[in-house]
Amino acid sequence: MENRKFHHSLKIREDLCVGCSHCMNVCPTEAIRVKNGKAIIHEEKCIDCGKCFAECPSSAIIIEHDEFDDIFLFKHRIALVPAIFTGQFPEDISFRQIHSVLLDIGFTNVFEVENGAELLSEAINNYAAENPDIKPIISSFCPAIVRLIQVKFPSLVDNLLLLKAPLDISAMFLKKEMTDAGIPEEDIGIFYITPCAAKIAAIKDPVGEPSSPISGAINMDYLFNKVYHQVIKKSNQSCTLPATSILTDTARNWSLTNGEARNIKGRSLAIDEIHNVISFLEKLENDEITDIDFLELRACDQSCAGGVLTPGNRFLTVERLQKQQIRNSQLAKGQKHPDAFRSILEEKEYLNERMSVGSVAPRSMMKLDENMSEAMKKMDQVNQILKVLPMIDCSVCGSPSCQALAQDIVKGDAELKQCIFIQRTMEQKGELDPAESNLILRNIWGFEKTNKYRRLK
Amino acid sequence: MEFEFIVEGGNFIKAGTASSQLKKILKQLNVDPKVVKRVVVALYEAEVNIVAHAYSGVVQITISTESINIRLVDEGPGIPDINLAMQTGYSTASSEVREMGFGAGMGLPNMKNNSDVLNITSEVGKGTIVEMSFFLNQ
């Protein structure tokens with residue numbers, strides 16, 4: 001377990017990366033370094049939050065998803081669509097239109113992810129009642145948050161809610177409905193339309209579960225383009241009635257900020273955006289904040305509406321979802337597609353029995369060494385190095401901060417000479433040849449960047 | 001390894017600085033997260049005590065592979081009756097301090113519950129010395 005690889009969907013395309021270090025400076029877990037003019041992601045520190053993806057000016061960071069054509073490997077192809085997907089489109093495009101296009105491009109069914117949330121408020125409240133000692137219970141909805149807690153706040157892993165997310169509940173329901181109808185399991189392809197990198201990582205490498213019932217993930221920005229193109233082309237044609245039951249307000253808002261917390265009894269709090277979450281967890285870990293029953297934590301600003309793969313403006317997405325509430329309440333009853341799935345509540349008992357997930361193991365990235373006396377030696381070394389570093393976090397050395405460089409040096413991944421301040425002094429003292437210091441810079445930032453001025457001359 | 005932090009009396013904004021710093025150190029030393037939690041909670045309580053009651057204080061921390069020892073020395077009013085102060089819910093905190101959400105009388109009991117050894121010596125009018133030990137029994 002110690003040495004196993006973690007699946008990450010975030011990848012750096014070496015052919016496009018110019019080593020500008022923007023990603024390194026926004027990474028909340030200091031998981032990125034620059035070497036030979038390219039960014040490198042350290043797998044054990046990455047939590048798949050996607051901040052780097054959003055920041056990259058060269059589109060060199062990609063989120064690896066499944067090929068769209070993979071859906072055709074299955075006879076029954078279900079698009080598992082989050083409610084925020086509709087929110088990406090202009091207001092005059094209806095869910096019915098979007099839904100029809102999804103069928104046109106190859107899906108055989110469309111199911112809204114948040115159907116799975118219909119069972120969750122009750123399940124979480126029951127979980128809280130059964131586990132009165134866990135305070136607060138921390139939602140496991142956002143996979144980037146689960147990973148953040150594993151690597152940075154290991155003492156809080158036992159606070160994580162050990163229930164499935166709406167995504168997995170919905171997938172479980174669909175599998176049951178279809179296999180009950182006599183469809184062989186290998187014919188069922190369930191594809192999640194993802195607003196972020198973390199959900200893909202959670203599908204490919206679930207925490208607390210051996211495998212996921214989802215067949216694949218398709219990036220929301222990719223599918224948005226594909227669908228929007230078609231919607232415009234066939235704007236005046238008739239469209240089919242959605243074969244999915246209308247979500248309750250609770251379910252539709254589940255992925256938005258306060259979507260979970262407002263349904264949980266007791267004192268519950270919702271916090272979004274990863275830096276806000278980190279500073280709150282620091283205080284929670286010190287017991288500076290007590291008496292909270294439930295914490296909803298999301299890595300993105302405006303929660304999933306702000307997912308890094310959502311093309312729309314997150315505030316408009318939230319507005320659109322909230323307006324939908326009014327529209328749905330006006331929608332006539334009885335307007336239901338004959339092939340529509342039953343309500344997920346029909347399988348409440350079956351799903352509730354399978355709602356639990358296994359415990360989540362900590363995997364601290366903070367430790368300097370497994371062995372405490374070795375770690376103490378290394379900490380002494382780090383502190384000695386920090387005494388000579390300028391502490392301005394300029395990141396010219398290829399590490400995001402002086403502290404990170406000191407740790408990289410002790411780990412054997414970097415040299416003190418990489419610090420530009422140290423270089424200058426060493427040159428002056430005659431300890432370092434200027435040609436060598438130029439080479440050091442080139443090894444970090446690449447030939448291009450270190451030779452621009454030379455060529456001008 | 002030894003570390004030292006200064007605690008400013010009356011400054012609630014900075015209460016918790018020493019415990020946050022120590023938390024970072026212990027995580028880097030790969031100390032069991034459950035022990036880290038106990039240490040940090042106890043130290044935070046002790047820090048708040050200095051901030052709420054004393055004029056100034058020093059936190060001295062000694063870490064070895066066997067144990068974590070914390071000594072807090074403050075200049076302050078001292079504790080006239082330590083046994084009374086150890087009782088859950090007993091507090092001499094001013095109404096001003098209580099309004100800030102502190103002073104529930106849980107400080108010393110919390111420190112006792114979270115540490116393996118707790119020693120308090122105090123001289124009224126001079127100050128208090130709190131010593132806490134946490135064993136790592138690896």
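Note that the coordinates shown come from a computational prediction; the quantities given were computed from them, not determined experimentally. Letters go in sequence order (proteins before strands), and every chain restarts at 1.
- Under the 4.5 Å side-chain criterion, counting only non-hydrogen atoms from C-beta, A/Leu368 is not in contact with B/Lys27.
- Environment of CD in B/Glu75: sparse, with no more than 12 heavy atoms of neighbouring residues, nucleotides or ligands closer than 6.0 Å.
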| query | Please walk me through it: do B/Lys23 and A/Glu285 pass salt bridge (Lys or Arg N to Asp or Glu O under 4.0 Å)? | reply | CA-CA 9 Å; B/Lys23 181 172 73 179; A/Glu285 209 181 25; 2.9 Å; yes
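- Proximity to chain B (any heavy atom under 4.5 Å) is restricted, for A/Gln407, to the side chain, taken from C-beta onward.
- Note on B/Val40, B/Leu26, B/Leu29: by heavy-atom pairs under 4.5 Å with chain A, the leading option is B/Leu29.
- For A/Pro362, no part lies under 4.5 angstrom from a heavy atom of chain B.
- Heavy-atom distances place the backbone of A/Lys152, and not its side chain, under 4.5 Å from chain B.
- Of the residues considered (A/Glu282, A/Lys378, A/Met379), A/Met379 shows the highest number of contacts with chain B, using heavy-atom pairs under 4.5 Å.
- Counting heavy atoms from C-beta on, the side chains of B/Thr65 and A/Ser373 come closer than 4.5 Å.
- Here the side chains of A/Asp287 and B/Lys37 are in contact, with some heavy-atom distance below 4.5 Å.
- By the 6.0 Å contact criterion, NZ on B/Lys112 is open, its count of non-hydrogen atoms from other residues, nucleotides or ligands being 12 or less.
- The two residues A/Glu288 and B/Ser20 come nearest to each other via the heavy atoms OE2-OG, 4.4 Å.
- Contacts between A/Asp158 and chain B at a heavy-atom distance below 4.5 Å involve the side chain alone, from C-beta outward.
- In this structure, chain A has heavy atoms under 4.5 Å from both the backbone and the side chain of B/Val41.
- Only the backbone of A/Asp369 has a heavy atom closer than 4.5 Å to any heavy atom of chain B.
- Within the 4.5 angstrom heavy-atom criterion, atoms from both the backbone and the side chain of B/Ile63 approach chain A.
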